[in-house]
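Before any comments, here is the structure.
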Protein chains: 6
Amino acid sequence: MLIRVINPNTTASMTALIEASARAVAGPGVVVEGITPAMGPASIESHYDEALAVPGLLAEVAAGERAGADGYVIACFGDPGLDAAREIAAGPVVGIAEAAMHAATLLGRGFSVVTTLSRTTGRALDLAHRYAPAGACKGVWACDIPVLRLEHDPAVLPRVVELARTALARDGSDVIVLGCAGMATLCADVSAALGVPVVDGVAAATVLVQSLVTLGLRTSKRDEYASPPAKAYTGLLAEFSRH
Amino acid sequence: MLIRVINPNTTASMTALIEASARAVAGPGVVVEGITPAMGPASIESHYDEALAVPGLLAEVAAGERAGADGYVIACFGDPGLDAAREIAAGPVVGIAEAAMHAATLLGRGFSVVTTLSRTTGRALDLAHRYAPAGACKGVWACDIPVLRLEHDPAVLPRVVELARTALARDGSDVIVLGCAGMATLCADVSAALGVPVVDGVAAATVLVQSLVTLGLRTSKRDEYASPPAKAYTGLLAEFSRH
Amino acid sequence: MLIRVINPNTTASMTALIEASARAVAGPGVVVEGITPAMGPASIESHYDEALAVPGLLAEVAAGERAGADGYVIACFGDPGLDAAREIAAGPVVGIAEAAMHAATLLGRGFSVVTTLSRTTGRALDLAHRYAPAGACKGVWACDIPVLRLEHDPAVLPRVVELARTALARDGSDVIVLGCAGMATLCADVSAALGVPVVDGVAAATVLVQSLVTLGLRTSKRDEYASPPAKAYTGLLAEFSRH
Amino acid sequence: MLIRVINPNTTASMTALIEASARAVAGPGVVVEGITPAMGPASIESHYDEALAVPGLLAEVAAGERAGADGYVIACFGDPGLDAAREIAAGPVVGIAEAAMHAATLLGRGFSVVTTLSRTTGRALDLAHRYAPAGACKGVWACDIPVLRLEHDPAVLPRVVELARTALARDGSDVIVLGCAGMATLCADVSAALGVPVVDGVAAATVLVQSLVTLGLRTSKRDEYASPPAKAYTGLLAEFSRH
Amino acid sequence: MLIRVINPNTTASMTALIEASARAVAGPGVVVEGITPAMGPASIESHYDEALAVPGLLAEVAAGERAGADGYVIACFGDPGLDAAREIAAGPVVGIAEAAMHAATLLGRGFSVVTTLSRTTGRALDLAHRYAPAGACKGVWACDIPVLRLEHDPAVLPRVVELARTALARDGSDVIVLGCAGMATLCADVSAALGVPVVDGVAAATVLVQSLVTLGLRTSKRDEYASPPAKAYTGLLAEFSRH
Amino acid sequence: MLIRVINPNTTASMTALIEASARAVAGPGVVVEGITPAMGPASIESHYDEALAVPGLLAEVAAGERAGADGYVIACFGDPGLDAAREIAAGPVVGIAEAAMHAATLLGRGFSVVTTLSRTTGRALDLAHRYAPAGACKGVWACDIPVLRLEHDPAVLPRVVELARTALARDGSDVIVLGCAGMATLCADVSAALGVPVVDGVAAATVLVQSLVTLGLRTSKRDEYASPPAKAYTGLLAEFSRH
């Protein structure tokens with residue numbers, strides 16, 4: 001089984017970290033490929049970045065189809081391009097916000113999300129509405145650390161632990177969801193510090209895609225997610241034409 | 001890894017069928033035990049049956065804890081006793097309605113449930129509210145076949161296919177969820193007949209529990225799902241006392 | 001008119017208190033019977049306790065049917081077994097959380113619930129979703145006093161008053177609902193201290209059942225709440241078989 | 001105990017019918033006064049009628065306060081003036097839509113409303129949102145018979161029965177709510193014809209107000225429903241000034 | 001184009017202020033008439049006041065119809081009589097709460113309302129539910145300044161700025177809605193002080209009505225908002241009869 | 001005042017039609033520029049098309065900022081790129097689905113959307129959830145005519161009229177929203193045929209942007225919609241870097 005874990009930003013070191021998180025939980029016989037797109041933003045910290053990450057991501061899904069991939073993980077907590085990717089992929093596609101929120105709702109009464117910049121909390125709330133039952137997401141908290149500083153800065157872990165502790169108390173939640181692919185390495189430490197389940201979406205999405213492939217389940221091609229109609233594209237994006 | 005798949009009713013032939021469905025998707029190294037409780041109803045077709053299936057189910061979860069089980073599946077579409085089981089189990093517990101609805105929301109815009117008796121559709125709607133994002137469950141349809149007839153009767157498959165076809169058209173859904181553990185064997189045939197994903201909760205719950213164990217995730221013991229306070233029980237149920 | 005007020009736990013002194021609260025508001029010609037089940041937990045403080053209180057409760061509803069009871073009150077704020085009881089009773093069945101929340105919504109903009117243990121607040125929120133219009137329940141607050149200490153401890157009243165005062169201010173609510181049958185005796189004092197309506201579910205449910213009987217209204221037997229299908233039960237629960 | 005049942009329209013024969021329905025269910029010692037306002041519309045069949053029924057209704061509540069009334073029923077299914085009446089009355093005030101929907105949710109999974117003109121169905125839906133938990137009101141159906149024809153026309157009963165039957169089947173509901181005070185006399189016949197509970201709001205509201213008075217519960221005077229600030233009124237409405 | 005901006009209270013100085021706000025934004029060729037009703041309350045600070053403001057308002061809409069008005073603004077933040085006014089007007093009718101909330105949702109993630117008396121916050125929340133998408137209104141805050149003091153008191157501006165600042169921080173909102181027609185003159189100053197958009201409903205409603213007239217759009221006369229049926233009115237309100 | 005009306009697809013004849021609709025309603029002194037992007041899909045009929053229309057759209061917003069545009073209309077019913085456009089524009093940005101749904105809720109109880117391909121109805125429902133109060137959108141109906149056939153085919157008008165008539169009856173709605181920029185020219189004819197308001201989003205959005213500019217209101221730059229952080233972009237999209 002081949003699973004493509006696509007990092008929608010173009011920072012290769014972050015892809016390496018994501019790939020490692022995914023491989024750590026993949027079952028025997030599952031090949032995990034971490035992918036860095038050939039175009040797009042160095043990190044995703046705005047609606048603008050997110051929108052412009054999608055072409056590079058879709059190019060990698062299309063390449064995955066040619067390479068026989070069985071399923072895909074979109075490894076950015078905004079789940080950019082998820083609907084479009086489902087249209088062009090034969091196998092299942094799962095976003096890491098989606099997977100993390102699904103897992104979280106199986107583990108307690110309600111979860112809090114700890115994410116990076118406060119400007120992205122609106123998007124996280126929209127995704128919680130889309131993925132989680134009403135009331136399951138109790139709050140979204142921003143640590144105000146830029147995405148690309150997550151890897152290096154030793155101040156990140158204590159800051160995230162402290163914020164998560166506050167979230168649990170104020171929200172009355174009992175599970176923490178990490179709101180950025182770049183936080184994957186913090187998962188075990190935050191959980192140990194707080195004594196509650198902490199969900200990393202990269203790992204959660206990897207096992208979820210693997211599970212769907214095992215079950216023989218793939219995106220319904222009835223109507224909305226059917227393969228997109230053939231269409232001419234012009235200009236810079238001409239290569240995205242579908243015949 | 002040891003996963004206990006508990007059939008909350010007391011019909012052993014149905015347990016055998018459930019166990020086979022679970023084993024068919026479990027990963028290498030996963031031991032699946034199908035369990036029939038020592039007390040309770042022969043099948044679950046009312047709130048009364050469901051309520052009275054819970055003591056037998058909880059006794060089997062308690063036994064599983066003593067036997068070192070890593071996780072549990074509750075294999076009845078009403079997910080009886082799920083909250084109580086989460087309190088007394090150390091590892092994850094997943095209901096088949098929960099697992100099926102989770103999987104379904106990853107596969108399309110919205111799902112329809114095809115279940116047994118119309119008197120149970122209210123319960124299915126309650127569970128959809130609990131597990132699925134608003135609007136994901138587009139409808140619940142009853143084939144009006146009693147649970148224990150599902151195994152034997154050759155008329156079941158065409159009836160379920162026809163009902164599912166109607167559900168897709170009327171609800172505008174694109175995924176079918178089978179609303180009874182006893183329908184597990186129909187899954188592939190219904191999917192082939194309709195050309196849409198069809199989700200069997202027994203298989204879906206088994207891989208979901210396995211995934212959570214792989215991720216090291218278990219029910220939060222912060223507050224609501226902490227181990228229940230010690231308590232004296234009297235009468236017929238004295239054996240359920242906790243010390 | 002005969003109304004059975006069933007205390008779902010097995011503590012007779014609490015039943016006596018509940019019966020007194022019910023009798024204090026029942027109309028002329030209404031006979032109120034307080035009932036302690038023959039099996040189950042000494043108090044209900046977890047999902048586990050609540051699930052295992054149901055068999056004893058249902059046995060008492062069945063006994064009530066044989067004795068010609070006109071209606072039933074389930075006198076625990078989790079309303080355990082309500083759906084199953086409605087299936088087997090001919091007359092109306094009302095839970096005390098249900099009755100209290102109904103009354104509260106007639107008296108102001110929104111209510112706060114003051115309950116016992118924080119682990120039960122999730123259940124109270126679920127019930128508010130089930131019974132009350134969206135937004136009516138503004139919050140649930142736990143005083144962290146075990147159920148069986150409510151009767152004796154002089155510290156209970158000031159603690160409940162203080163918590164209710166905080167709830168009104170923080171939630172912006174204007175009505176208090178007492179979240180435990182064991183708090184019935186506090187009702188008048190809390191109301192006097194705060195100057196807002198305070199609703200005790202035991203009294204509220206008693207007059208509500210009486211009202212439904214007066215109106216000639218009983219549970220609809222169309223579909224979901226029809227008498228459960230005949231069914232064999234085995235093991236410890238064999239006596240719950242229905243023929 | 002004195003309960004004022006106010007018919008917000010000015011048709012005295014309809015008040016007589018309403019008063020009889022209320023008296024039929026009131027307890028011993030309860031005095032029920034049916035009231036026809038001194039100003040306003042002959043019947044209420046539009047938002048315009050409803051808005052202009054409110055001054056006459058409020059004048060009768062104010063008169064009731066002077067006469068020592070213990071509680072009030074607003075006997076029109078649009079519950080006109082309910083919030084304002086709660087501000088100026090010391091005792092409880094209940095609308096018949098409110099009471100009927102409350103009762104209906106205690107009797108089954110979901111109710112359908114059968115009302116008069118289709119132009120009023122929007123208002124009924126708004127009230128269902130205000131009073132009932134999400135999903136409880138399954139539909140609103142209009143028989144397109146004007147309010148004042150309900151009393152006389154022998155074609156009304158079969159038309160309402162037929163519409164209610166359709167509503168039960170299409171909505172999947174199990175309880176019927178009659179959506180006009182003028183339908184009170186049909187209640188028993190519709191229920192007998194359909195075999196499901198049928199709720200008349202006039203009777204339901206009367207016992208509900210009586211219950212609240214018995215429980216010693218009245219509208220919270222904390223903030224929103226406190227007595228309105230003193231205010232000068234001019235013109236035609238000068239008599240509504242409050243000092 | 002003639003737009004009637006009706007102040008539902010009877011204080012002429014407030015009408016003058018409202019008219020000025022409306023004229024400041026009306027396009028070339030648009031005639032704005034500020035109207036003070038001939039009957040009703042001096043200000044609107046309770047449900048009682050609001051209900052009794054409606055007859056005077058409706059009389060002015062009826063007069064506007066005779067005068068050929070193209071559209072109407074209801075210039076009180078409770079939007080009193082909006083549904084009834086839509087029935088009797090041929091052209092569009094917009095309330096200032098409605099217009100302000102509409103504009104606010106186009107400008108950010110979520111808005112907070114800053115209003116006058118805390119007793120009116122419930123009404124504001126009801127209107128937010130009616131007009132705005134779920135979650136758009138993040139909170140309603142009361143400055144506890146009576147309506148008629150808004151015009152004169154120099155303490156009002158700093159109090160409103162401070163309250164709005166608190167609302168932005170606590171609610172996590174990014175837009176402020178002024179919750180009273182009497183606050184229209186504060187709009188620019190509050191916005192300058194806080195650096196976020198601040199919406200005054202009077203101006204917003206005026207351009208909105210003008211826009212609808214330009215688009216040729218008017219209230220649908222299919223069913224609910226069709227002209228009300230002819231009806232006899234009696235007593236004080238006899239002049240409201242429709243033939 | 002300069003308003004850029006951007007057609008997110010690359011078909012210039014459709015831009016011309018959109019520009020004409022916008023100009024027909026713009027006020028005196030408002031310059032409307034219809035814009036065709038330099039890259040992207042010929043029409044938008046899938047999530048894939050929509051995602052890939054965004055870069056071209058954002059390039060035109062960026063160009064508009066340099067040219068001093070006061071506001072923007074996004075003239076495709078999926079409102080692609082709306083959030084990102086709000087981040088990079090100083091003035092207001094409105095989508096045509098957003099504007100049409102806003103207008104529709106001012107005109108009646110509920111609206112139905114008539115759109116092109118059934119695969120896009122899910123997106124329309126998502127937008128209704130985002131823009132409209134709960135329950136306002138009563139249904140979405142697809143005429144199954146591809147976008148680029150709307151201009152030429154004489155069969156389009158009768159098909160849309162028929163579908164809208166069905167929608168009104170089945171949904172119980174009273175307003176129609178046209179769900180594609182390419183339907184703008186049908187608006188008057190459909191309204192004439194059905195006797196209800198029919199809203200074209202292009203015209204509605206144009207007057208709405210104009211209104212916001214008149215009111216001095218622009219997107220809040222507090223947090224979520226602040227200008228995006230500077231960021232390096234690579235590959236094909238390098239020109240989208242922000243410094």
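Here is the naming used below: chain letters follow the sequence lines, and residue numbers restart at 1 for every chain.
- With hydrogens and angles ignored, the 3.5 Å screen pairs no side-chain donor or acceptor of F:Glu224 with any backbone N or O of A:Thr120.
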For this session: Carefully, step by step, assess A:Leu52 and F:Leu58 under the rule side-chain contact (heavy atoms from CB on, under 4.5 Å).
Result: CA-CA 9 Å; A:Leu52 291 163; F:Leu58 293 178; 4.2 Å; yes

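- Here A:Thr234 is the residue among A:Val54, A:Thr234, A:Leu237 with the most heavy-atom pairs under 4.5 Å with chain F.
- The most heavy-atom pairs under 4.5 Å with chain F, out of A:Glu239, A:Arg86, A:Arg130, A:His129, come from A:His129.
- Each of F:Ala226, F:Gly81, F:Ala238, F:Pro80 has some count of heavy-atom pairs under 4.5 Å with chain A, and the biggest count is that of F:Ala226.
- Around CZ of F:Arg159, the count of heavy atoms belonging to other residues, nucleotides or ligands within 6.0 Å exceeds 12.
- Residue F:Lys231 is tested with A:Asp49, A:Ile44, A:Asn9 for a side-chain contact (heavy atoms from CB on, under 4.5 Å); the sole match is A:Asp49.
- Contact annotation for A:Arg242: only side-chain heavy atoms (C-beta onward) come within less than 4.5 Å of a heavy atom of chain F.
- In terms of heavy-atom pairs under 4.5 Å with chain A, the best-connected choice from F:Ala42, F:Ala51, F:Gly40 is F:Gly40.
- Under the 3.5 Å distance criterion, with hydrogens and angles disregarded, no donor-acceptor pair is assigned to the side chains of F:Tyr48 and A:Asp83.
- Put simply, of A:Gly122, A:Ala85, A:Pro146, A:Ala84, the one with the most heavy-atom pairs under 4.5 Å next to chain F is A:Ala84.
- Of the atoms belonging to A:Ala38, it is backbone heavy atoms, and not side-chain ones, that fall under 4.5 Å from chain F.
- Only the side chain of A:Glu87 comes within less than 4.5 Å of a heavy atom in chain F; its backbone stays farther off.
- Considering every non-hydrogen atom in both F:Arg119 and A:Pro229, the closest pair reads NH1-CD, 3.5 Å.
- In this structure, the portions of F:Leu236 lying under 4.5 Å from any heavy atom of chain A include both its backbone and its side chain.
- With a 4.5 angstrom heavy-atom cutoff, A:Thr10 touches chain F only via side-chain atoms.
- For the options F:Pro55, F:Pro37, F:Gly235, F:Ser118, heavy-atom pairs under 4.5 Å to chain A are most numerous at F:Ser118.
- Ranked by heavy-atom pairs shorter than 4.5 Å toward chain F, the options A:Thr121, A:Leu117, A:Asp223 are led by A:Asp223.
- Neither the backbone nor the side chain of A:Glu50 comes within contact range of chain F; no heavy atoms are under 4.5 Å apart.
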